[in-house]
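Heads up: the structure comes next, in structure tokens.
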Amino acid sequence: MIMKYNFNEIEAKWQKYWAKNQTFKAENKSDKPKFYVLDMFPYPSGAGLHVGHPLGYIASDIYARYKRHQGFNVLHPQGYDSFGLPAEQYAIQTGQHPAITTKENIATYRRQLDQIGFSFDWSREVRTSDPSYYKWTQWIFIQLFNSWFNNDTNKAEDISELETIFATEGNGTINAVCDDNIESFSAEEWNGFSSKKKQKILLQYRLTYLAETEVNWCPALGTVLANDEIVNGVSERGGHSVIRKKMTQWSMRISAYAERLLQGLETIDWTDSLKESQRNWIGKSVGASVTFKVKESDAVIDVFTTRPDTIFGVSFMTLAPEHKLVSQITTPEQKADVDVYVLATAKRSERDRMADVKTISGAFTGAYAEHPFTKEPIPIWIGDYVLAGYGTGAVMSVPCGDERDYAFANYFNIPIPNIFDGVDISEEAFSDKEKTVIGNSDFLNGMNYKKATKRAIYELEQIGQGEGKTNYRLRDAVFSRQRYWGEPFPVYYVDGMPQMIAAEHLPIKLPEVEKYLPTETGEPPLGNAIVWAWNTKTNEVVSNDLIDEKTVFPLELNTMPGWAGSSFYFNRYMDPDNQNEIASKDAMDYWKDVDLYIGGSEHATGHLLYSRFWQKFLFDKGVVPVNEYAKKLINQGMILGTSAFVYREEGSNTYLSAGLIEDKKVQPLHVKVKYVNASDELDIEGLKSDGEFGEDYKDAEFILEDGVYKVGRDVEKMSKSKYNVVNPDDIVSDYGADSLRLYEMFLGPLEQYKPWNTAGITGVHNFLKKLWKLYADDNGLKVTDAAPTKDNLKTLHKTIKKVQEDIENFSFNTSVSTFMIAANELTAQKCSSKDILEPLLVLISPYAPHIAEELWSQLGNIESISTAPFPEFDASHLVESSKNYPISFNGKMRFTMELPLDMSKDAIEAAVLANEKTQEQLAGRTPKKVIVVPGKIVNIVG
RNA sequence: GCUGAAGUGGUGGAAUUGGUAGACACGUUGGACUUAAAAUCCAAUGUCCAUUAGGACGUACGGGUUCAAGUCCCGUCUUCAGUACCA
């Protein structure tokens, strides 16, 4: 029997036990109710885990273990989001295949995760880069290709149904989400179209489609850059020039689901801030589309406005400089001006344009539009405050009601007619919808915002120049990446038109390449593959040499983005080895959805939006049983590092202790946090013998204060360059996994950002030692069959109640202090009763499972503690007969008095007033009022 | 600018419904044990005044409601996160 709390030995023993006995393997069938606890799976980076990473995993593990104690069949899986850029970049630098890098990194992650003692069901592990997994990513892509979105039924439907409708009715009756430049055709015309033309038209309706997209192309790096990778018009990395280039890329028609993604938020228990982010991202605005005729031209300008009620206030129109009508309508006299302006805006990056909000610029096209009602001419301008990518890229400008229009009109001396009753607009625009009373506006006069809007839309419909419209900010998502280490598309091209490979031939495995860089002709890395063509006869990937455009065709060279594989993994965990489906119907009907999802808030508008989109699509197709996949979601905060600094006196090799700086010129330098103790004292010898930096400090002189060198401290993000990264491996070996788990929870509320400071871990570590001592000492096990005392029972049940409430409220930090209080009290009570100490282990087991298992088995239990029932709270043990009342005077507590709880209000008042301390406080005054709240407080006023 | 979250001792934080502000820890100080250190144990620890008794002040700031406010209301400031010329 182990008598000392030898945590390293105990933790290794139980981790081995759990693995061997598959303690946490979840079955897809059970008499127990199900509970699905999910973590956002990690990208296995080369740096391994630091202490910040497991925070969310520890929280979800506590919850999963708690649910097992409560009798649930718990699914708690883990896997890897293992496609991604770092492994590819490493491949470019070293030539090592990303698959090898990934495999190594996963091994490190697994080792690190295992030693923290998570109750993951590793039999269900998934890796997005594994062909048996991405087979299903490719499969979903094919389903999206074969679907269109029917606005009438508000769901995705099979593309073959659309073809049937085209063949019988043409596209006049279809209410679909599609590209906006669709030609209309009759059934007869459709049937006469060539196959290629039919394919082109269908592509405009499919939920994933090819589109020309403008990208930031960096020829020197041979890659597409994201907006934030460009600084001052050149690449952040290397400073190479960047051009806007049109590329044909796959897109996902997520905009079809905008309304359902918005509505769905009402049905799920996610944090308000996260839902708000998604709402903003979807950006719904309700208004009208209005058509303006261009004078002396057959062109028309469509605009979207949220204020159709202000239609009579329009005094000019503004087009985005990129608007396709600009060149068509500009008059010869204005052409030079307009060309200069268009060129100037094209040169500015999108980011520059967005950042520079204050500068007003624009140009007059010389053309005029016609007001739909007054028929007055309206000058048409171009200006870069109008964005080509939102709405129609054109606005009707109402300077009296919109700040930007007002500023623009002011700058270019355009008239600002006032159409608001009783409002002064000489200084600024008036945009308060609620207080609006329309004037000067013909049939809208005297109406408020709501009424006028309705009427304006009605009148526009009457003359066929507008209608009510809802606009969304949400853009379709580009789905092509010019990368190697991602899912290949199951797509080949015949005569330039994309064709899907039949599902039974999946997965299409990533080909081998010589080089992971783009080709010299600017093609994506897969362009380097020499075996990357599709043979439609044999249905296999064959050498490019065989391409004959008859039976052998070229395959797609792009790969899918990072979010593809992470958009359905939660479903795959339900049945991860299934060869025929994402998961069997039985498995999905059993597990249905995630009951608790824990992860970072940085995925608010990425992963968490895309995955909801795919889930809704798969729901429409009958693949998954629920519309939303995660009932509840919690964001864990980040653990920050506590950096340490030494201060070098400028121009010398002398370092001043933090307290000695005063007004001397010093340069703060980061030092490794491991050389600093709990009192901020530096281990100078340690620093000088450091393998990496020892040389730098070898001859340095350290000026001490009170015999020690004190470092400066600051809270920063954990990062290698700040030398404040703490590796969980070190914590586990020095203090044990249970201490790490408890400490991460003890640091503060789960959602909050908080600094890590290794020094504080001794607090929870001492608690575990103290706990151990309740059960065993040098003479062996101390636990007896003695009957528990009243105090023992009170402590236990108080703890049961608090811990249960805490777990259900995700307030894990306060449970840890509750455990400490319980251990302190039971130690003081010299409790040795098994009736108390055994159930206490179950309470602690979710938090500190190793020590709980060990003591549990030492108490004679054969089975693992993991499914032992959670102790039941009995309120009768907490019933008190008296209360130590705080007695306050004018709200200030002065002393306390022990009084029976069953005492009446009047009796309490009498007892308190009779007390000599009360008389002392009153000093002869007569109290005006005495407030008695039985069981709580007594307050004397006067 | 907008949206969301948050400001409490030297530090991390607690106070779930308005009812003893600072639980539980870290750190600090003093003490015990020890040749010594570590470990362990005990005590004190919001600030200020006071020898004690006790008192004043105190939850970012300014007001208010209430017998009673960290908690509710109004206004201001600061920090963090997200987002942004969205018509």
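In the text below, chain A, chain B and the rest are named by the order of the sequence lines, each starting its count at 1. Given the structure is predicted, the values throughout are model-derived calculations rather than measurements.
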N/O-N/O pairs, protein side and nucleotides 68-74 of chain B side, under 3.5 Å:
none

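- A/Ala394 pairs by the side-chain contact (heavy atoms from CB on, under 4.5 Å) definition with A/Ile301, A/Val303, A/Leu319, A/His323, A/Thr392, not counting sequence neighbours.
- To the nearest whole angstrom, the two P atoms, one in B/U78 and one in B/C61, are 15 Å apart.
- Side-chain N/O atoms of A/Ser397 and A/Thr318 include a donor and acceptor closer than 3.5 Å.
- As the counterpart of B/C2, B/G82 is assigned, both hydrogen-bonding distances of the Watson-Crick or G-U wobble pattern falling under 3.5 Å.
- Within the structure, every side-chain polar atom (N or O) of A/Asn635 is placed at least 4.0 Å from both OP1 and OP2 of B/A5.
- Close to B/A87, at under 4.0 Å from its OP1 or OP2, lies a side-chain N or O of A/Ser285.
- For A/Lys674, there are no salt bridge (Lys or Arg N to Asp or Glu O under 4.0 Å) partners, not counting sequence neighbours.
- When the P atom is compared between B/A69 and B/U20, the two are found 11 Å apart, to the nearest whole Å.
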Practice task
For nucleotides 11-16 of chain B, just jot down a letter per nucleotide in 5' to 3' order: B, S or -, based on protein non-hydrogen atoms under 4.0 Å.
Solution key: -BSS-B
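- The salt bridge (Lys or Arg N to Asp or Glu O under 4.0 Å) search around A/Glu825 returns A/Lys798, not counting sequence neighbours.
- When the P atom is compared between B/C67 and B/A87, the two are found 48 Å apart, to the nearest whole Å.
- Checked against salt bridge (Lys or Arg N to Asp or Glu O under 4.0 Å), A/Lys632 has the following partners two or more places apart in sequence or in another chain: A/Asp269.
- Remark: P of B/A25 and CZ of A/Phe819 are 14 Å apart, rounded to the nearest angstrom.
- There is a side-chain donor-acceptor pair under 3.5 Å between A/Thr814 and A/Asp806.
- Searching all strands for a Watson-Crick or G-U wobble partner of B/C61 with both distances below 3.5 Å returns B/G75.
- Listed by first and then second residue, the salt bridge (charged side-chain N to carboxylate O under 4.0 Å, His left out) pairs involving residues 272-288 of chain A are A/Glu259-A/Lys284, A/Glu266-A/Arg279, A/Glu276-A/Arg279 (not counting sequence neighbours).
- Every side-chain contact (heavy atoms from CB on, under 4.5 Å) that A/Met638 has, sequence neighbours left out, goes to A/Leu640, A/Lys717, A/Tyr753.
- Comparing the same atom, C1', in B/U3 and in B/G9 gives a spacing of 33 Å after rounding to whole Å.
- Residues satisfying the side-chain contact (heavy atoms from CB on, under 4.5 Å) test with A/Val673, not counting sequence neighbours, are A/Ala644, A/Arg713, A/Asn724, A/Val726.
- Base orientation of B/G22: anti, since the glycosidic angle falls outside 90° of 0.
- A gap of 39 Å separates the P atoms of B/U17 and B/U29, to the nearest Å.
- When the C1' atom of B/A56 is taken as reference, atom CZ of A/Phe889 falls 18 Å away, rounded to whole Å.
- Taking atom C1' on both nucleotides, B/C72 is separated from B/U79 by 24 Å, rounded to a whole Å.
- Checked against salt bridge (Lys or Arg N to Asp or Glu O under 4.0 Å), A/Arg475 has no partners two or more places apart in sequence or in another chain.
- Phosphate proximity of B/U83 to A/Arg473: absent, as no side-chain N or O sits under 4.0 Å from OP1 or OP2.
- For A/His50, the side-chain contact (heavy atoms from CB on, under 4.5 Å) partners are A/His53, A/Met718, A/Val725, not counting sequence neighbours.
- Between A/Lys905 and A/Glu909, no side-chain nitrogen of the basic residue sits less than 4.0 Å from a carboxylate oxygen of the acidic one, so the salt-bridge criterion is not met.
- OP1 and OP2 of B/A87 both lie 4.0 Å or more from every side-chain N or O belonging to A/Tyr385.
- Under the Watson-Crick or G-U wobble criterion, with both distances below 3.5 Å, B/U28 is paired with B/A44.
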Handout entry: Protein-to-nucleotide contact annotation, 5' to 3' order, nucleotides 57-65 of chain B [B base; S sugar-phosphate only; - none; under 4.0 Å, heavy atom]
Key = S--------
